[in-house]
There are 2 protein chains.
Amino acid sequence: MAARASSKTSESSDKVSVICRALRRAIIEQALEPGAKLPEDALGERFGVSRTIARHALGQLAAEGLVELRRNRIAVVATPSWQEARDAFDIRIELERLVVRQLAGKLTKAQIAELNAHVDAEDRARGGTDAVSIRLATEFHILLAHMTNSPILVRYVSEVAYRCCLTLSLYSRPHSTECAINEHRAIISALAKGDEAKVMDLMHHHLDSVANRALVAPTPQRGRDLLDILAPYADEVTGDRVVKLPKVARRG
Amino acid sequence: MAARASSKTSESSDKVSVICRALRRAIIEQALEPGAKLPEDALGERFGVSRTIARHALGQLAAEGLVELRRNRIAVVATPSWQEARDAFDIRIELERLVVRQLAGKLTKAQIAELNAHVDAEDRARGGTDAVSIRLATEFHILLAHMTNSPILVRYVSEVAYRCCLTLSLYSRPHSTECAINEHRAIISALAKGDEAKVMDLMHHHLDSVANRALVAPTPQRGRDLLDILAPYADEVTGDRVVKLPKVARRG
DNA sequence: CGCGCTCCAATTGCATGCAGTTTGGTGTCC
DNA sequence: GGACACCAAACTGCATGCAATTGGAGCGCG
């Protein structure tokens, strides 16, 4: 049985889905950073659709946790707190352990080849940008989930993985992807051998180490504040003059 | 403004959210059976909103997996296959083990009292309909999830629990709720004692036995008129304002 | 009698328009 | 110079209107 994509609940080819996909990708590739404004008008114009459609797409992404929707206010790309990021990884670990548990020893040769091919692609992309590496690494996990043939599992793993992606852009430092790639290879190998306990353990530590490597400074709520970000630049500009920051500088 | 800033991603107080809640409840109480048609204008009429809003609500519920959306076709309540039902339970087991792992030994007296009160309510509802029992049992699990203070975990547990609810209406036979109630009490007790391993095991077997008891054989389904089914839920939404039910209920 | 065709009511897909809310800027007064 | 009141622009919330698609009843044909 091949990996037949079930078009049941999600992502057919209507305009809403197209916009969702585009925005999702823009978000996980960090083209749209957390906190970025997403006015319905602008989206509609950019994608050549009406506000109604853009609005609907934002609703879907909000349901996935990638976008924050506030009543009567402009939607923004979600800005998960550090704790939420950690929670997302905890959930992800459990879900992906379930994935590899179901997959251990049950993969066809073709599937193993597909996985290896994907990791090869990750390898080749090592020279590129972080954003692409992160996306490819995430897609490896989603590819695994697909092989379970469980649409529900695919959905949850995808969602939570995207959320983790989002948090990486917030809290991670430039990270070396090499060990992640090696860990991916180890997982494939253990899956092929059918060593269930081993592969669950590998996955657990893989994700845990990604999380620990990524979620470093518990930058509290202040961390995402524009004022802190701009502090060094402000020093340059104002020289030795003391800068008292006026009430609130709006994020823009 | 006493406005509770609150809920980041979902369920504020706009009309879409209200309708989502009403429909969700109608679905999990089996007032709307799997396969039931959900035409946009019928919903809009019943809830006193435009098609736009009904449509948006359907989109949200589709994202939760409760509703199936087919392009150019009438939306229907989702009809998970038996395998999907089993998958949902597997995921649920992992998520809820995570919940009780986080909660073991960390509950306040007030929280334990709240849990006990809920189970008492379940007990009192034993004479009532199956639908109410199932809803209360589900809400017990969601209440637990809430106590983790992890919005993401709450969302996933809620979603997957609702999906399981949905499958119960498809595949379950009238089941005795007593053992479930006892198992809930046992879980509370183990949580209070802080026995992490024990409570994870209890939760695992609790959900596993619910799944095994439930997922037996399909039951036929009969069609009822949507407008009639939704009447009580619409009352909630429209409040005391008179909602004129125009025309005739078609569809037989 | 069954099978395919045509046509129409039902229904969705989407854009647009209007009203209410928030935002950000300006003028005024201290 | 700074705080407050006020106003216009921007934006969202929602309803309505129109074109496109579907499902099925009715009809003709083999």
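Chain letters run A, B, ... following the sequence lines, proteins first, then strands; residues in each count from 1. Note that the coordinates shown come from a computational prediction; the quantities given were computed from them, not determined experimentally.
Proximity of R51(B) to the phosphate of dT11(C): no side-chain N or O atom is located under 4.0 Å from OP1 or OP2. Checking the phosphate oxygens (OP1, OP2) of dC11(D), no side-chain nitrogen or oxygen of R73(A) falls inside 4.0 Å. At least one side-chain nitrogen or oxygen of K15(B) sits closer than 4.0 Å to the OP1 or OP2 atom of dA15(D).
The distance between atom CG of D41(A) and atom P of dA15(C), rounded to the nearest whole Å, is 13 Å. What separates NE2 of H56(A) from C1' of dA15(C) is a distance of 15 Å, to the nearest Å. To the nearest angstrom, C1' of dG13(D) lies 16 Å from CZ of R70(A). Put simply, CZ on R55(A) is 11 Å from P on dA15(D), counting in whole angstrom units. Atom NZ of K37(A) is separated from atom P of dT22(C) by 15 Å (rounded to the nearest Å). If you measure from atom CG of D14(A) to atom C1' of dA19(D), you get 17 Å, rounded to the nearest angstrom. Nucleotide dG13(C) holds its C1' atom 14 Å from the CG atom of L58(B), rounded to whole Å. Here the P atom of nucleotide dA15(C) and the CZ atom of F47(A) are 14 Å apart, to the nearest Å.
When each of V76(A), V77(A), L69(A) is tested with L38(A) by the rule side-chain contact (heavy atoms from CB on, under 4.5 Å), just one qualifies, namely V77(A).
Between dG24(C), dG13(C), dG13(D), one nucleotide has an atom nearer to the side chain of N72(B) than all others, and that is dG13(C). Closest to the side chain of P39(B), from the set dT12(D), dA15(D), dT12(C), is dT12(C).
Ion pairing between a basic and an acidic side chain is recognised when a charged N comes within 4.0 Å of a carboxylate O; R51(A) and D41(A) show such pairing.
Mapped onto DNA chain C by nearest heavy atom, E40(B) and T52(B) fall at different nucleotides, with E40(B) at the one closer to the 5' end. Comparing V49(B) and I74(A) against DNA chain D, the residue whose closest nucleotide sits nearer the 5' end is I74(A).
Nucleic acid contact for V16(B): none, since no nucleic acid atom lies under 4.0 Å from a heavy atom of the residue.
Annotation: side chain of I28(B) is not in contact with side chain of T138(B) (no heavy-atom distance under 4.5 Å).
Counting only N and O atoms by type, the side chains of E139(B) and H118(B) include no donor and acceptor under 3.5 Å apart.
Around the CD atom of E33(A), the shell of radius 6.0 Å holds no more than 12 heavy atoms that belong to other residues, nucleotides or ligands.
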